[in-house]
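Following: one structure in structure tokens, then a few remarks.
Remember, predicted model here, so these are calculated numbers, not experimental data. Just the heavy atoms: all of them, side chains too, but no hydrogens, waters or symmetry mates, feed the values below.
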Protein chains: 2
Amino acid sequence: MERRKNLKIPEVTIRRLSAYLRCLVRAREEERNVISSSTLAKNCGVNAAQVRKDLAYFGKFGIRGVGYYVDDLYADIKKILGIDRVWKLALFGVGNLGTALLFYKDFLKQNYRVIAAFDIDPEKLGMGSIGGIPIFHPDELMKVHQEERIDIAIISTPVSQAQVVADRIIQANIRGVLNFAPIRLDIPEKFVVKNVFFTNILDNLVYLLCQQL
Amino acid sequence: MERRKNLKIPEVTIRRLSAYLRCLVRAREEERNVISSSTLAKNCGVNAAQVRKDLAYFGKFGIRGVGYYVDDLYADIKKILGIDRVWKLALFGVGNLGTALLFYKDFLKQNYRVIAAFDIDPEKLGMGSIGGIPIFHPDELMKVHQEERIDIAIISTPVSQAQVVADRIIQANIRGVLNFAPIRLDIPEKFVVKNVFFTNILDNLVYLLCQQL
DNA sequence: TAGATTGTTAATCGATTAACAATC
DNA sequence: TAGATTGTTAATCGATTAACAATC
């Protein structure tokens with residue numbers, strides 16, 4: 001299911017693929033066998049031609065006159081996105097946000113597994129584990145990483161610790177980083193970093209609210 | 001500082017404006033007086049012409065041969081985005097994520113104030129308040145909203161409660177909704193809803209990781 | 001004035017969508 | 001075959017960027 005030719009695939013297409021997947025999960029729960037591009041489009045708030053175009057980047061998944069088989073398309077999109085296997089997450093910073101992510105059920109529904117948590121607070125280290133996930137001191141990162149290859153690091157530390165943690169992640173060569181600390185980290189190009197800045201999202205929301213009035 | 005003519009402003013422009021603002025905050029901390037479009041661009045990872053174009057949608061803020069006065073541009077962008085005043089937030093669901101948001105310091109740095117939290121758990125209600133923020137039963141929403149106009153509702157409940165809470169928000173006519181529950185809510189068009197789906201963000205990260213290999 | 005940087009135009013690039021032949 | 005829906009093309013729409021006159 002690799003890309004056809006060597007077209008560059010727009011990032012928006014990838015984001016929409018995630019949305020289609022979410023919609024297919026529901027369709028499976030409702031035990032629908034087949035879904036059309038127009039139904040999929042309506043549910044995701046996009047154009048039907050766009051659904052077909054997005055999929056066409058990766059191959060032919062539908063049947064003319066019929067639509068898409070829900071189970072097949074579900075599996076195909078998972079494969080396209082690379083989430084047809086388990087991805088191992090490590091969490092840095094077991095505060096409120098970190099704990100929320102540890103217990104985040106949607107991760108488990110997909111193949112995302114938090115396999116280790118890191119913190120420097122002796123009280124938390126004393127607990128040994130939380131929700132079945134072991135808590136380590138960051139000094140032990142290399143050891144943990146060697147035993148059980150970490151795919152993605154989640155940074156949920158205070159701002160003051162975020163770059164320190166990032167440097168350790170770089171050192172361990174964990175290539176995927178999901179950063180929740182409201183600061184732009186200094187991380188080399190070859191790493192893939194996604195920032196989640198709540199304040200920016202609010203800014204965006206506020207702007208749209210102002211436009212309405 | 002309203003839009004010039006009646007050009008439609010791209011949503012990406014608004015998102016970038018937030019990024020420029022973040023950069024200006026830093027420039028202010030470093031007590032820089034003036035910043036050029038190319039510096040701003042480099043710091044935010046965009047093109048200098050784009051910075052100027054984005055700003056040009058809203059007016060002329062720079063001085064040829066000089067650049068932009070940091071303090072002025074900071075104030076101007078805040079005004080453009082509508083965050084030159086306090087925005088009152090109410091939080092629904094005081095679990096780990098909700099608590100994290102309650103204590104989120106970046107909100108305070110901007111003019112975002114969480115003024116009330118809502119939960120149905122008697123234990124939490126018994127606490128009366130958390131971090132200085134009063135906790136109410138959702139039944140009291142109307143009363144609280146009447147006393148102290150709520151601008152934005154944050155949904156950080158379990159999935160099972162999200163739509164129930166959304167319906168109350170609709171009823172109270174709170175027009176801005178920031179939803180963290182991993183479910184697409186049924187909310188009328190006139191409300192402004194932003195979803196934060198952690199799993200979708202991870203999906204995106206994973207796709208990019210796969211591309212590298 | 002000389003140097004620097006903006007604001008803006010025009011050219012380029014890329015993404016969306018309507019339309020329809022292919023085909024189940 | 002008739003009806004439906006895909007895959008794909010071509011047209012449209014929109015966003016990015018290079019380039020440069022305006023001007024501090």
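Phosphate contact (OP1/OP2 of C:dT16, side-chain N/O of A:R16, threshold under 4.0 Å): present. Phosphate contact (OP1/OP2 of C:dC24, side-chain N/O of A:Y68, threshold under 4.0 Å): absent. B:Y69 has no side-chain polar atom (N or O) that falls below the 4.0 Å cut-off from OP1 or OP2 of C:dT5. For C:dT6, the OP1/OP2 oxygens have no side-chain nitrogen or oxygen of B:K53 closer than 4.0 Å. Taking 4.0 angstrom as the limit, B:K60 places a side-chain polar atom (N or O) nearer than this to OP1 or OP2 of C:dT8. Contact annotation: A:R64 does not reach the phosphate of C:dA22 (side-chain N/O to OP1 or OP2, under 4.0 Å).
In this structure, the CG atom of A:N47 is 11 Å from the P atom of C:dA19, given to the nearest Å. What separates CG of A:L73 from P of D:dT5 is a distance of 16 Å, to the nearest Å. What separates CD1 of B:I9 from C1' of D:dA15 is a distance of 14 Å, to the nearest Å. Look at CZ on A:R52: it is 12 Å from C1' on D:dA4, rounded to the nearest Å. For A:Q50 and C:dT16, the CD to C1' distance is 6 Å, given to the nearest whole Å. The interatomic distance linking B:L55 (CG) with C:dG7 (C1') rounds to 10 Å, in whole Å. Atom OH of B:Y57 and atom P of C:dG7 are 15 Å apart (whole Å). D:dG7 atom P lies 14 Å from atom CZ of A:F58, rounded to whole Å.
Less than 6.0 angstrom separates the ring centroid of B:F198 from the ring centroid of A:F180. The aromatic ring centres of B:F61 and B:Y68 sit 6.0 Å or more apart.
The aromatic rings of B:F107 and B:Y112 lie perpendicular to each other, with more than 60° between the two planes, well past the 30° mark.
Comparing C:dA15, C:dA18, D:dA15 by their nearest atom to the side chain of A:A49 picks out C:dA18. Closest approach to the B:V12 side chain among D:dA15, C:dT6, C:dT8 is made by D:dA15 (side chain taken as heavy atoms from C-beta onward).
C:dC20: Watson-Crick or G-U partner is D:dG7, with both key distances under 3.5 Å. Here D:dG14 sits opposite C:dC13 as a Watson-Crick or G-U wobble pair (both hydrogen-bonding atom distances under 3.5 Å).
Each of A:E11 and A:G65 has a nearest nucleotide on DNA chain C; the 5'-most of these lies closest to A:E11.
Taking the centre and axis of the six-membered ring of A:Y74, the NZ or CZ atom of A:R28 falls inside the cone set by 45° and 6.0 Å.
Residue A:T13 is classed as having no contact, given no heavy-atom separation below 4.0 Å to the nucleic acid. Among the protein residues, B:S37 comes within range of the sugar-phosphate backbone only, with heavy atoms under 4.0 Å from sugar or phosphate atoms but none that close to a base.
A side-chain N or O of B:D203 and one of A:S18 form a donor-acceptor pair less than 3.5 Å apart.
Here the side chain of B:D119 pairs a donor or acceptor atom with the backbone of B:V94 at under 3.5 angstrom.
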